[in-house]
Number of protein chains: 2
Amino acid sequence: MPSITVENYVKQIYLAGQQQQPTGGQVSMGRLAAAVGVVPGTVTTMVKALVADGLVDYEPRGGVTLTRDGERLALHVLRRHRLVELLLVRVLGLDWSEVHAEAEVLEHAVSDKVLERIDALLGSPTVDPHGDPIPSAKGKVDGTRRHSLAECTVGRPLRVARVTDQDPAFLQFIDRCGLVPGAAVTVEGRDASADAVLVRPDGRRAVTLGGAAAEKVLVEG
Amino acid sequence: MPSITVENYVKQIYLAGQQQQPTGGQVSMGRLAAAVGVVPGTVTTMVKALVADGLVDYEPRGGVTLTRDGERLALHVLRRHRLVELLLVRVLGLDWSEVHAEAEVLEHAVSDKVLERIDALLGSPTVDPHGDPIPSAKGKVDGTRRHSLAECTVGRPLRVARVTDQDPAFLQFIDRCGLVPGAAVTVEGRDASADAVLVRPDGRRAVTLGGAAAEKVLVEG
DNA sequence: AATCCAACTTTGATGATTCAAAGTCTCGGC
DNA sequence: GCCGAGACTTTGAATCATCAAAGTTGGATT
Ligand SMILES: [Mn+2]
Ligand SMILES: [Mn+2]
Ligand SMILES: [Mn+2]
Ligand SMILES: [Mn+2]
């Protein structure tokens with residue numbers, strides 16, 4: 001069985017690959033080092049082990065990409081992570097701002113059997129508390145590309161679909177604004193020079209978000 | 001924070017100390033090696049690390065005993081183990097015969113915050129699915145000594161309190177007999193020569209248990 | 001008392017994962 | 001075409017947990 005460390009590397013390679021449109025899916029060693037929280041030299045060493053395990057392809061000074069096996073493992077870890085997050089929120093009543101940290105540990109301790117019980121109990125959900133898609137047991141993920149508040153249509157009624165930041169403080173802020181996944185929202189205006197977006201959650205006080213914050217809130221509709 | 005390995009050693013020292021009335025609570029290295037599943041040499045090495053951490057006292061060729069800190073840690077791990085077992089049975093619907101193995105892993109991944117949520121959700125239970133007492137958050141355990149079916153009064157109505165074996169096959173057998181914790185039961189007879197106990201679970205077919213099996217079923221009342 | 005044995009400890013080695021520091025490559029700018 | 005900077009790799013060493021095999025020990029057996 002893959003070690004916790006291997007699971008973390010593979011998961012981070014997958015996540016980093018998702019975020020970057022540019023490169024041909026190749027994740028740089030520096031990016032991976034930052035994501036995993038180790039120095040670059042460690043990643044070089046570890047990636048060689050992942051290659052030996054058939055989980056990644058590695059081009060020296062280029063980067064890594066997941067093999068089919070590596071992606072399968074990554075999606076499995078991600079499924080565990082996200083189902084656990086939802087369990088913690090819905091069943092144990094934890095706040096959505098704190099479940100990510102808990103799930104980072106629990107994602108390595110949940111067996112397939114327990115995982116499918118959690119899935120059943122929650123009614124086979126498709127998204128976690130942050131709106132992140134939950135991979136299916138077979139490893140399929142909803143890959144829908146969504147617009148953020150920084151780029152969506154102005155004046156049209158929308159709905160928050162996903163918040164792509166795990167920082168508890170940010171999530172609590174989003175909560176206070178009423179911009180949680182599922183909330184109805186309208187972008188009332190945008191000021192490129194000021195790097196500001198004026199957002200009105202349905203039946204709430206309007207909020208002004210800077211570009212960086214607006215980019216983290218994805219909408220649908 | 002203690003490593004998973006350290007948590008396991010300390011827990012096993014505690015459990016081994018509970019089982020053996022004889023020795024002054026000293027757990028032998030061989031017993032510990034068997035409990036943890038490593039060779040004796042590894043235990044000698046590891047125990048020195050535990051001494052350095054202030055978790056155990058060690059007398060070479062004598063054995064180990066937990067310090068106050070060691071016992072506190074052991075009880076904390078045990079609380080996690082047993083609350084997790086109950087969660088798995090009551091909330092996720094797993095069978096009591098399979099939760100021990102799951103809890104062996106999860107007991108190292110549950111934070112204090114999650115643990116207390118589980119405790120609250122389950123209504124601060126005092127025993128797990130096997131009837132094992134759940135240590136309180138402050139580290140108190142119910143230390144009641146119970147008689148087993150091998151030694152309790154004959155002909156008196158009793159109640160199964162605890163089953164002290166984690167083997168799935170044995171637990172499933174107990175389940176089939178109707179000897180689960182909580183079940184009413186009467187010992188109808190005992191044959192020392194045959195090493196056999198005739199047991200009648202309330203409203204069920206009587207079963208004959210060998211001494212070894214009878215010793216694992218503890219009763220109250 | 002001499003011996004033996006089982007249990008225990010020591011020793012030497014390995015694998016996994018990590019870091020610090022030194023070495024190397026590549027790409028953009030001159 | 002040369003050079004430097006930043007990104008990357010290599011090297012050497014450390015930590016943790018483990019095993020195999022060899023060395024000890026304390027007490028039981030005769
Ligand atoms: Mn998360
Ligand atoms: Mn999430
Ligand atoms: Mn158990
Ligand atoms: Mn139990």
Side-chain angles (χ1 to χ4, degrees), chain A residues 1-13 16-17 19-20 22-65 70 73-74 77 104-105 107-109, chain B residues 1-13 16-17 19-20 22-65 70 73-74 77 104-105 107-109:
Chain A
M1 292 299 91
S3 68
I4 291 175
T5 303
V6 167
E7 290 193 346
N8 279 329
Y9 274 82
V10 162
K11 185 183 68 167
Q12 293 302 341
I13 293 166
Q19 286 172 246
Q20 78 200 172
T23 327
Q26 264 195 165
V27 174
S28 74
M29 305 306 265
R31 205 156 171 354
L32 183 52
V36 175
V38 295
V39 301
T42 302
V43 169
T44 304
T45 306
M46 205 59 205
V47 159
K48 287 175 186 168
L50 296 179
V51 169
D53 287 354
L55 295 171
V56 304
D57 291 321
Y58 167 48
E59 190 193 323
R61 292 175 202 271
V64 266
T65 50
L73 177 58
V77 177
E104 281 296 312
V105 180
E107 67 187 357
H108 309 291
Chain B
M1 294 298 90
S3 69
I4 290 175
T5 303
V6 166
E7 289 193 345
N8 279 330
Y9 274 80
V10 162
K11 183 183 67 165
Q12 294 302 341
I13 293 167
Q19 287 173 244
Q20 79 202 168
T23 327
Q26 266 196 160
V27 175
S28 74
M29 306 307 265
R31 204 154 171 359
L32 184 51
V36 175
V38 296
V39 302
T42 302
V43 169
T44 304
T45 306
M46 205 59 204
V47 159
K48 287 176 185 168
L50 297 179
V51 169
D53 287 354
L55 296 171
V56 305
D57 291 321
Y58 166 49
E59 190 193 323
R61 296 179 199 266
V64 266
T65 49
L73 177 57
V77 176
E104 281 297 311
V105 181
E107 67 187 358
H108 307 292

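Numbers restart at 1 for each chain; the letters A, B, ... are given by sequence-line order, proteins then strands.
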Grab the CG-C1' distance between Leu50(A) and dT17(C) for me, whole Å please. 12 Å

In a check of side chain to side chain contact (heavy atoms under 4.5 Å, CB included) between Pro2(A) and each of Leu73(A), Asp53(A), Val77(A), which one passes? Leu73(A)

Identify whether any heavy atom of Thr45(A) sits under 4.0 Å from a base atom; if not, whether one sits that close to sugar-phosphate; answer base, sugar-phosphate or nothing. base

Starting from C1' on dT17(C), measure out to CD on Gln12(A) and report it in whole angstrom. 17 Å

Toward the 5' end of DNA chain C, which comes first, Gly62(B) or Ala49(A), by nearest nucleotide? Gly62(B)

In the 5' to 3' direction, the nucleotides of DNA chain D bounding the stretch that comes under 4.0 Å of a heavy atom in chain B are dA17(D) to dT25(D)

Heavy atoms, side chains only, cut-off 4.5 Å: are His108(B) and Val105(A) in contact? no

Would you say the side chain of Glu104(A) lies within less than 4.5 Å of the side chain of Lys11(A), judging by non-hydrogen atoms? yes

Spacing of Leu32(A) atom CG relative to dT18(C) atom P, expressed in whole Å: 11 Å

Mapping Gly41(A) and Ile4(A) to their closest nucleotides on DNA chain C, which lands nearer the 5' end? Ile4(A)

Thr5(B): partners by side-chain contact (heavy atoms from CB on, under 4.5 Å), with sequence neighbours left out: Ser3(B), Tyr9(B), Met46(B)

Are Met29(A) and Thr44(A) packed together at the side-chain level, in the sense that at least one heavy-atom pair is separated by less than 4.5 angstrom? yes

Flag side-chain contact, heavy atom, 4.5 Å: Val6(B) against Leu50(B): yes

Please work out if Ser3(B) contacts a base, only the sugar-phosphate, or nothing of the nucleic acid, heavy-atom cut-off 4.0 Å. sugar-phosphate

Give one of base, sugar-phosphate or nothing for Thr5(B), where a contact means two heavy atoms less than 4.0 Å apart. sugar-phosphate

